[in-house]
Amino acid sequence: MSRVYHSNTSEDVRGLLDRLIEPGDRMTPSNYREAMFSLGAKFVESYRPMLAEIQKLLLICTNEDADFLAEGVLNGLEAIPGLHTSLACFWNERIVTRGTASGMKVDMAPIVRRYLEPGEVDAFLVVKSIISSGCVVRTNIAELVYDLNPSRILVFAPVILEGGQAQVSEEFDSNISDRFEFYWFAQDDEKDGENVVPGIGGQVYERLGLGTKEEKNRYTPNLVKQRRLHPTPH
Amino acid sequence: MASDQRQTAGENNKKGNRFEDCFAVCRCLKVSRDAIESGVEVSLTEQAGCPVDDLLIRRGEERHYYQLKDDLKITWGESNSKLEREFVQQLAECEARAENFGLHLIVSHDHRQRSLSKHIPVSLSGKVSIGVFPALDRPSNLARLAELRPHLAWLSASRNPGMELLMALVEGMYIAWIERCINEGGSSDLKKMIEWLWDRPAHRLRRTVPEGIHPRWSEFERVLATIPGLEWFTDRGFFEWVCGRDSGLVPSPLNDPGFLRLVERICAATPQVFEDFEVLL
């Protein structure tokens, strides 16, 4: 097991990543949520000049990340003049279909709900707490990319499994995958079952206090609730 | 993303298999509506042991014979006119049996279609259709084929499917195709493939609406009708809803206990605004 940090990863960020992998008795869901929010803010802080080049950005996240990591990102983006950010939030299931005779399998993340703000965009910013198989990220990009046709597709995850970038990219033809730009703070190279080690300390929905894989999809983020009330993004 | 663990003889075979598999799946998707709505029996056989044998599709009384060539240089005359001889022989056999049949040559490049059409042997002119089917890098790319979109739009569990739903559908059909090939020695029954997909609702294949979904169905619909802005649809065997910028498809089909429990939750809670409805999903 080894972890590699990106050259842009500050000591502050390393501290936040270390907090994520502390056991649950020391790292309550409330503390974990705060750490995720801070990592989102740190991403914007680290890449602000690059983000300031964009005018119309669609932030894409899952419902479990929306109020924490994505909200941290969004808060930072609001301080960038001239940048208009809209939101797409997806509720994904995780399912594997296996062919009994062929040994063939499909790793799927079907979308069961979505919240999507309308409008044209220049770029996607996909925010995900961790990229392992890349299935959720791939699914959510595929859902929108052919209709909205952004010129850039930024993908931010605090932690990524080695090979995760390729897993996301290889599902797309080069005219799409050439637009990908991956941003991460730490890269791990090992998995224990479903979990990257040390990763983000387990399944994010459990660590955030959103319940099991099934229960987490009943959670409607406050971010979505707030933005429904405002015709234009806040 | 589909991963195929079948053993093949090498890269060329793998490429050829993928071309043939994707074409077969495309045909399956194109005729699935007939199979679902009209009960038309469709079966597909690879390497059918006849002169034109890459794929034989039986559709009711019709027989369609396909030769599939993902080949940049294919001509009628190559290998001592092998291609021509195969079609001439197949034509003779079909006519001798007085079959209701079609002969089809499918290539992967437009220039091969143009050349083969221009130089078609006199004996086959008007008797063989020459079509183009692209060589795809991965089965999920079937979802982006313009010729398939109207068929997928009908087959989807959603009235307004995004690319994710269409990709799940084509990947499901791809696995169903591979499964049938291996299990039945090369002959696939489309009805069984559709049933295989219906057993796996995550692939979101449209289903027939069950009769008498739930004893409290009328009450359920009355409650939903009071929620401002909420629209819902059940005509594809799933419960799909839209409310402003929010939308969703309940993953359990209408006849699944999981969905029936949702009906009961809605009837019991009688939500009157969307925010009260969404917590019950």
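The chains referred to below are lettered A, B, ... by the order of the sequence lines, with proteins before strands, and numbering in each begins at 1.
- Looking at Y219(A), there are no atoms closer than 4.5 Å to chain B (heavy atoms on both sides), in backbone or side chain.
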* To do: Mind running side-chain contact (heavy atoms from CB on, under 4.5 Å) on D137(B) and D173(A) for me, showing each step along the way?
  => CA-CA 8 Å; D137(B) 290 337; D173(A) 290 337; 3.7 Å; yes
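- In this structure, P118(A) and R245(B) approach most closely via the heavy-atom pair CD-NE, 3.8 Å.
- For N140(A), no part lies near chain B; criterion is any non-hydrogen pair under 4.5 Å.
- Of the atoms belonging to V224(A), it is side-chain heavy atoms, and not backbone ones, that fall under 4.5 Å from chain B.
- Using a 4.5 Å heavy-atom cut-off against chain A, the contacting residues of residues 271-281 of chain B are F274(B), E275(B), E278(B), L281(B).
- Among all heavy-atom pairs drawn from E164(B) and I111(A), the shortest one is OE2-N, 3.3 Å.
- With values rounded to the nearest 0.5 angstrom, L144(A) atom CG is found 11.0 Å from M163(B) atom CE.
- Contacts between T97(A) and chain B at a heavy-atom distance below 4.5 Å involve backbone atoms as well as side-chain atoms.
- Minimum interatomic distance between M108(A) and A168(B) (heavy atoms only, all atoms of both residues): CE-CB, 3.6 Å.
- Using a 4.0 Å cut-off between a side-chain N of Lys or Arg and a carboxylate O of Asp or Glu, D246(B) and K225(A) do not qualify as a salt bridge.
- In terms of non-hydrogen atom pairs under 4.5 Å with chain A, the most contact-rich of A143(B), A202(B), G248(B) is A202(B).
- Listed options R144(B), E240(B), R200(B), R204(B) were ranked by heavy-atom pairs under 4.5 angstrom with chain A; first place goes to R144(B).
- Across all their heavy atoms, M167(B) and A142(A) have their closest contact at SD-CB, 3.8 Å.
- Between the CZ atom in R138(A) and the OG atom in S140(B) there is a gap of 9.0 Å [rounded to 0.5 Å].
- Checking side-chain atoms of R138(B) against main-chain N and O of E171(A) turns up a donor-acceptor pair under 3.5 Å.
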